[in-house]
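To start, the structure under review is shown below, and the notes come after it.
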Amino acid sequence: IFDHGLCDSKTEVMEKWVAEFFLRRQQNPRVYGSPLLSALTPVDSDDCVKLKITAVLRDISNSLIRGTVDEGMLDILEILEKLMLQERSVIMGSLKSAYCWTAAECTLRFMWPVTVSDGFFGDALERIWKKRIGMLKGRESDLVSHELLKWESDLNEAFEEPEIYRKIRETNIRYNAISHLSQLVKEQWALLGCSSLESEARKRLLKRKDSRNRGNGFGRAGDNIDNIGVRREGRNGSSRENDNDVEEVGGVEKHDGADKVNEQEQEHEPSLNKGDITVARELKDFLLEIQRLIDASTRQGQEPDDAMEQSNDVTPQHDEANRTEAEDSEGTSSSRRVRPHLPTPEPLNVSPLKKVRLERPRPRRPMKFWTPEEVAALREGVKEFGKSWKDVKNSNPVVLADRSEVDLKDKWRNLFGR
DNA sequence: ATAGGGATATGC
DNA sequence: GCATATCCCTAT
């Protein structure tokens, strides 16, 4: 930072980088995007939009981890849409679908009573579909998709027709909402690419390499460098969820064997490699230390520490790694790494010698003939999605509520097959 | 997840 | 008994 003469705004830059670091850490569902951002000094530059998107994605991920899909999620999705508009990028299909199914799920929550009149379904329709989505329509938002309009009409119908109400009530909307949201998050993380810290590290690494090469008389063309940087950013960014950033800085050179241009050069410069890894490791230790402090101050009165450690981190490997490194940085200054101890896995019972059926065969589901309406829905669906029965069912979940994907396939077979 | 074979229900 | 529709099981 100092080298780049950014002293004036150095706090801001630092804050942004640290914020970005925390927001991108997957194993940390205790960091909340919007509060973290609002705690920072307000800056409104272009890269700030990127940071805001990162914060929004963190919030969505957190909600998904907790398993909550509520109207707060709709708020977040609307914010994401606005941010995308600011970035002048297109509103993607995944965002539209996610919004649509989330809205449906939010309405479904109020359909727990058996009949319409007993509950708050009417209120939900009013609040979510009339007011909220009415606003979207008002500003001609791209979030208003065909899918969304279809749901709107289906739900309005359900208000009048008890039969349709029942069918929607029994549809597993939640599953669809969650998968669309996951898909959205995945796409967006990929689109964001690598973190500021990481791209800065790459820039400086390449710069150093370049100056060395010139000294050695290799003389790689200068324009090469930018190309390499850009290309890598794209590729890495799209193939990755969000990992620990610092680790990546250290690993930039290590797990990068695919890039032929650099492969040979690396072997000639082991010292550069080593230095960078050391710096990255130190930085990581510092950040872990900071995080440990934050955790200690936010976790008061929530749960006993031990339980926290185990329940919050998703994978046991990460858990172990974090703990040992944290101990290193606070305890003795030796760089000795403690081997993780993992429990011996339970042996799986996979003997193929005998396949016994423990459960008695299930009673056959009562037969129901296909109504012309259902057949029409099936035809429409196949016209649009082909033989992707999952999509066909989703294209009209209300009419096809009583039919499984296999049923659709079977019906199509006896309509046109063989 | 999907395709195909097969079992069971329905209608004549 | 036969044809057709629906539902179930399982290999890919």
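Below, each value reflects all heavy atoms present in this structure, side chains not excepted, and no hydrogens, waters or symmetry copies. Letters A, B, ... are given to chains in the order of the sequence lines, protein chains preceding strands, and every chain is numbered from 1.
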For this session: Assess the pair A:Trp129 and A:Trp151: is the distance between their ring centroids shorter than 6.0 Å?
Result: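 Not close enough - the centres of the two rings lie 6.0 Å or further apart.
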Exercise. Taking OP1 and OP2 of B:dA1, is either one under 4.0 Å from a side-chain nitrogen or oxygen of A:Ser388?
Worked result: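 No, outside the criterion.
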For this session: Taking only the side-chain nitrogens and oxygens of A:Lys411, find out if one of them lies under 4.0 Å from OP1 or OP2 of C:dT6.
Result: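 Result: yes.
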Rounded off to whole Å, could you give me the [atom1]-to-[atom2] distance for the [X] and [N] pair?
X: A:Phe416; N: C:dT4; atom1: CZ; atom2: C1'; value: 16 Å
X: A:Leu408; N: B:dT2; atom1: CG; atom2: P; value: 10 Å
X: A:Arg364; N: C:dT6; atom1: CZ; atom2: P; value: 11 Å

Exercise. Heavy-atom distance under 4.5 Å between the side chains of A:Met84 and A:Gln188, does that happen here?
Worked result: yes
For this session: State plainly whether the residues A:Lys368 and A:Asp407 are in salt-bridge range, i.e. N to O under 4.0 Å.
Result: no
For this session: Would you indicate what A:Lys390 reaches in the nucleic acid, counting non-hydrogen atoms under 4.0 angstrom: base, sugar-phosphate, or nothing?
Result: sugar-phosphate
Exercise. Given that A:Met367 and A:Asp391 both sit by DNA chain B, which one's nearest nucleotide is further toward the 5' end?
Worked result: A:Asp391
Exercise. From B:dT10, B:dT2, C:dC7, pick the nucleotide closest to the side chain of A:Trp389?
Worked result: B:dT2
Exercise. Between C:dT6, B:dT2, C:dC8, which nucleotide has the shortest distance from any of its atoms to the side chain of A:Asp410?
Worked result: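 Comparing C:dT6, B:dT2, C:dC8 against the side chain of A:Asp410, the answer is C:dC8.
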Exercise. Just wondering, are more than 12 heavy atoms of other shown residues or ligands nearer than 6.0 Å to CD in A:Glu373?
Worked result: no
Exercise. Within the modelled atom types, does a donor on one side and an acceptor on the other bring the side chain of A:Arg365 and the base of C:dT6 under 3.5 Å apart?
Worked result: no
